[in-house]
Amino acid sequence: LRAPGSTLDETVLRDALAQFASGVTVVTTTDGANEPRGFTASSFCAVSLEPPLILVCLATDAECHPAFAATQSLAVNVLRAEDEAVAMSFASRGADKFAGVAFTLHSEAGVPVLHDALATLVCRIADRHRGGDHVILVAEVIDAHADGGDPMVYYDRGFRRLAAT
Ligand SMILES: Cc1cc2nc3c(=O)[nH]c(=O)nc-3n(C[C@H](O)[C@H](O)[C@H](O)COP(=O)(O)O)c2cc1C
């Protein structure tokens, strides 16, 4: 560990953050031209039950950032263990992200809901906070469903599965 006040090495920071295991989500919305947009996110976090709030952090230099800056709604789609190709596609700038992915637009919010997700939370954006080079989107859950199954786990820069119990 470094002394207080010393400059933190980015590699050290990344190595430390990589030790935190998380689930993986695809966060979706619809842009001004009614096109589906989305990105892979591990920064999803539950915030509050009453009111029901979640958060997700999006890089301000992401191509989809303007779409999320303009929209009032988003969906958090929790990925299954076998969804590695979906996770990589939605993490690839310029990819045709929704090609081959079955989805429907939510009847009320108009955001893409992925059919095969482990769970989906449809949300209205309640607050936007600047967090360094990311924006923290705080959103109120207006609809949710859970299918259940094997979750995708992201740990030490790789996609993992939970060990069978
Ligand atoms: C497992 C994983 C988790 C990620 N989590 C986030 C995240 O929480 N926030 C974020 O802004 N980017 C995250 N990314 C990177 C974005 O998915 C990627 O940069 C994406 O291409 C950004 O959207 P764009 O294609 O519109 O630029 C993650 C990537 C991976 C592979």
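Whatever order the structure lists ligands and atoms in, that order sets their numbers, starting from 1. This chain uses plain numbering: 1 for the first residue, then up along the sequence.
Counting heavy atoms closer than 4.0 Å to ligand 1, residue Phe44 contributes nothing at all. Only the side chain of His134 comes within 4.0 Å of ligand 1, judged by heavy-atom distances.
Ligand 1 places these atoms under 4.0 Å from at least one heavy atom of Leu58: 11 (O). Every atom of ligand 1 is numbered from 1 in the order shown, and the set under 4.0 Å from a heavy atom of Tyr154 is 1 (C).
Residues Thr29 and Arg37 bring no donor and acceptor atom of their side chains to less than 3.5 Å of each other. With hydrogens and angles left out, the side-chain atoms of His134 and Thr60 include no donor and acceptor closer than 3.5 Å. A donor-acceptor pair shorter than 3.5 Å can be found between the side chains of Asn77 and Thr120.
In this structure, the ring of Phe98 has its center less than 6.0 angstrom from the ring center of Phe90.
Distances from atom 8 (O) of ligand 1 to the heavy atoms of Ser43, Ala87, Gly38 put Ser43 nearest. The closest non-hydrogen atom to atom 31 (C) of ligand 1, taken over Cys57, Ala91, Cys64, Ser89, comes from Ala91.
The closest protein non-hydrogen atom to atom 11 (O) of ligand 1 is Ala59 N, 2.8 Å. Among all non-hydrogen protein atoms, the one lying nearest atom 27 (O) of ligand 1 is Glu63 N, 2.8 Å. Closest protein heavy atom to atom 12 (N) of ligand 1: Thr40 O, 3.9 Å.
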(request) Could you please spell out the steps behind the ring-ring contact (aromatic ring centres under 6.0 Å, His included) verdict for Phe39 and Phe68? (result) CA-CA 10 Å; Phe39 68 104; Phe68 282 94; 5.3 Å; yes
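Taking any N or O of Lys97, backbone or side chain, at least one lies under 3.5 Å from an N or O belonging to ligand 1. The distance criterion of under 3.5 Å between nitrogen or oxygen atoms is met by Ser42 with respect to ligand 1.
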